[in-house]
Amino acid sequence: MSNPRLSLPLSTLMLLVACNPASSGGEQKAADTKTAVDAKAPPAPAVAAPPAPTGPATVDELLGLVHDGATSYVVFKAPDALLSLAETAAGTFEQPLTTLVSATSPDQTSRLTESFALFKHGVADAKEALSKAGTDLARGIVVTSTSLTGGDDTVITFSASSAEAAKGLLASLKIPDAATAECQATAGRPGYVTCAKDQATLATYKPGDGKAARTRLNTALPAVAVDDLALFGYVSDGDLHFGLDKPAGGATFHVSAPSDAKDLVTTLAPGQAELLKFAPAGTGFMWMKLDIDELKKKGLNEVPPPFSATVSAFTGEVLFGGSADPAALQARFGFSDTSSLAPLADLAVAFGGPMIHNKPIPDVPGSKVSFKAENVTVGADKIKALHLGASGVPQAKALADQLGLSLDAWVFPAEGTLAAVVGADAGKVGLVKAAANSEATIAALPPALAAGLRAGEVGFVGHVPLDGLQSPELLKLLDGALASLPGYSSSNARSALNVVAPLSSTTMWISEHQNAAVIHVAVQSIGNTTDEEGKAALAAATSADPVKAFADLAAKYPNSPRIAAYQTRAGQGGAGALVGGSAPALLLAAGGVAAFLRPVIDAPPPVVAEAPVAEAPKVEEKKVEEKKVETPKTETPKTETPKTETPKTETPKTETPKTETPKTETPTTGGLKIDATKVERVPPKRAGRSE
């Protein structure tokens with residue numbers, strides 16, 4: 001009787017039974033009872049059932065619908081926003097996808113068109129069914145497990161006018177097993193109905209403590225605006241809380257760091273991102289701040305004295321990124337004092353110069369490598385740098401013409417960092433320098449990341465701009481490089497790139513707040529539907545002449561945080577914008593190549609060193625066979641000297657040509673040839689590899 005909606009009907013029923021002359025076996029008794037009731041007190045006024053709440057549901061209300069002790073749940077706080085996102089995505093990608101499929105697989109065009117039509121009709125039908133069932137999407141939807149084993153004992157709770165209307169909604173939405181599903185009003189939650197596969201599952205459902213669940217969610221996702229999430233949930237496998245928010249023109253997914261990421265998180269030390277001033281807005285980068293104390297535990301403090309001062313000055317900040325003007329790739333390592341770095345160039349030249357300087361590049365006739373110390377100008381300072389360059393390379397001109405890169409690499413201390421710059425010549429390397437501050441770079445990042453960086457709560461960021469995919473420079477590069485390939489079509493290449501034209505960047509970062517780490521992944525579009533500039537940017541991305549459209553947009557909004565993206569798409573950034581934006585992708589590609597080659601590089605040296613020796617037994621075996629062959633045939637008394645096959649001593653056959661010397665496990669050396677006479681100079685082991 002705890003349900004207030006049942007109290008009024010039951011009291012009324014009791015009065016009606018008492019007043020019914022046919023009931024209880026006697027009119028007099030009924031009359032006496034009625035008189036007694038009337039004499040004691042007037043009947044209590046009818047109390048209406050509490051009305052169902054209206055308006056958007058709060059996080060606490062929705063968490064209060066999660067089963068007590070659920071192993072997993074998903075709460076759709078704003079399903080209408082998610083539905084709108086799906087509609088927008090379908091409308092955005094339908095035309096470019098249809099164009100691409102029509103050009104490349106015409107036989108699939110009708111199927112694609114039908115799929116989009118079905119989606120549109122499905123959304124329309126769903127909205128109509130929701131309206132008929134009295135379902136208000138602003139009240140949210142909760143899907144929760146009721147089984148501690150994580151089985152299929154799942155219930156779904158949402159607003160509906162009645163249990164019958166809810167069951168009809170499931171059937172209208174073509175939910176599997178909707179015909180046999182059971183629905184009932186949710187106890188203690190006016191306006192909500194809970195449905196499950198059968199009555200037994202419904203009977204096990206017990207709403208939990210919303211406030212306690214809110215506390216757990218806040219603890220797992222600190223510094224995340226939980227009230228702004230469109231959906232959130234929990235899975236016991238990995239003990240993960242997650243959420244999705246939908247800022248204007250993008251979407252960001254947050255998940256509590258899993259236990260297997262503990263080592264990575266421990267190595268990071270969230271703090272101010274000073275080195276982001278070296279990453280111009282619109283370029284790609286990977287930034288991290290390492291925990292120096294953790295690095296010392298792993299051996300950083302064991303560096304020998306000549307370099308200990310340098311190591312102790314390392315701040316833990318690291319940046320890998322690109323430069324658009326000039327075009328270059330760069331790495332930066334933060335130092336509180338760079339004075340100890342000055343002699344490193346001369347030291348490197350002294351040790352490596354004799355082996356590298358003025359030597360040719362293998363298999364490149366006429367080439368020459370330069371390895372020496374040179375002065376570079378950074379701002380008003382002249383700094384000694386280690387320079388690695390190359391000349392006489394046929395591809396150098398094409399690289400410079402198409403991407404603006406030169407065959408130069410520089411390492412030098414400057415502006416509180418140890419810098420490594422690749423692709424800029426002597427006249428341009430000094431132009432790869434810090435901006436006054438990093439605010440322009442931060443402002444162009446996803447809002448949640450920008451807030452975390454300003455608060456010093458971020459330890460790692462990987463930012464990959466996608467605007468370069470729409471730059472005219474990339475199209476020229478593709479046409480020039482792929483035109484000779486059979487089947488290549490410039491128009492098809494453009495159609496393929498147009499599919500992702502609305503997307504501007506993808507970003508991943510790790511934040512830490514109140515000793516809890518969270519991994520975030522965000523996607524940003526080039527515009528949004530909430531303001532004039534955002535709408536204009538979306539329209540420019542799908543216009544017939546996007547280069548002109550974005551040039552006009554850049555002129556109209558010169559102070560926009562998105563100005564670098566507009567300029568890149570308008571071709572105003574030149575080839576440098578393409579190089580600068582692709583820096584993280586190139587770094588990941590380099591990492592992939594290194595991972596692929598690592599088994600070869602890490603092959604135990606003993607195998608390599610034994611290779612020349614390994615042939616000795618083989619040769620001796622052949623010699624033994626010669627003796628075996630000659631022993632019966634030699635017949636010394638018969639003087640088979642002519643027949644001794646001495647000329648035929650198999651020496652030519654001793655596999656001497658086949659001594660496998662070229663085959664001496666050369667692949668395991670990464671292509672390096674080994675001189676057997678110098679084997680003794682090869683270290684017997686590589687530290688930490690073969691033990």
Indicate whether the side chain of [X] and that of [Y] have a donor and an acceptor atom separated by less than 3.5 Å.
X	Y	value
Asp337	Ser339	yes
Ser145	Thr71	yes
Ser505	Gln524	yes
Gln95	Thr542	no
Ser511	His520	yes

Indicate yes or no: does Lys476 engage Glu473 in a salt bridge with an N to O separation below 4.0 Å.
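Looking at Glu473 together with Lys476, the answer is no, because their closest N to O distance does not fall below 4.0 Å.
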Can you tell whether the side chains of Asp552 and Lys548 come within less than 4.0 Å, N to carboxylate O?
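Lys548 and Asp552: salt-bridged.
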Would you call [X] and [Y] a side-chain contact if the rule is heavy atoms closer than 4.5 Å?
X	Y	answer
Val579	Leu329	yes
Leu319	Thr417	no
Leu231	Phe242	yes
Phe76	Val143	yes
Leu475	Leu497	yes
Val421	Phe412	yes
Leu431	Asp325	no
Asp291	Thr266	no

Between [atom1] of [X] and [atom2] of [Y], what distance do you get to the nearest 0.5 Å?
X	Y	atom1	atom2	result
Phe314	Ser340	CZ	OG	12.5 Å
Phe550	Thr568	CZ	OG1	10.5 Å
Asp209	Arg214	CG	CZ	13.0 Å
Ile141	Ile156	CD1	CD1	5.5 Å
Trp287	Phe320	CH2	CZ	13.5 Å
Leu244	Lys77	CG	NZ	12.5 Å

Should the ring pair His254 and Trp509 be called parallel, tilted or perpendicular, given that the plane angle runs from 0 to 90° and is split at 30 and 60?
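Taking Trp509 first and then His254, their aromatic rings stand perpendicular (interplane angle over 60°).
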Assign the ring pair Tyr73 / Phe232 to parallel, tilted or perpendicular, where the plane angle (0 to 90°) is split at 30° and 60°.
perpendicular
Mind listing the closest non-hydrogen atom pair of Ser336 and Thr315 along with its distance?
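So the minimum-distance heavy-atom pair works out to N-CG2, 3.6 Å.
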Might you point out which heavy atoms bring Leu386 and Ala348 nearest each other, and give the distance in Å?
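So the minimum-distance heavy-atom pair works out to CD2-CB, 3.8 Å.
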Is it the case that atom NZ in Lys246 sees more than 12 heavy atoms from other parts of the structure closer than 6.0 Å?
yes
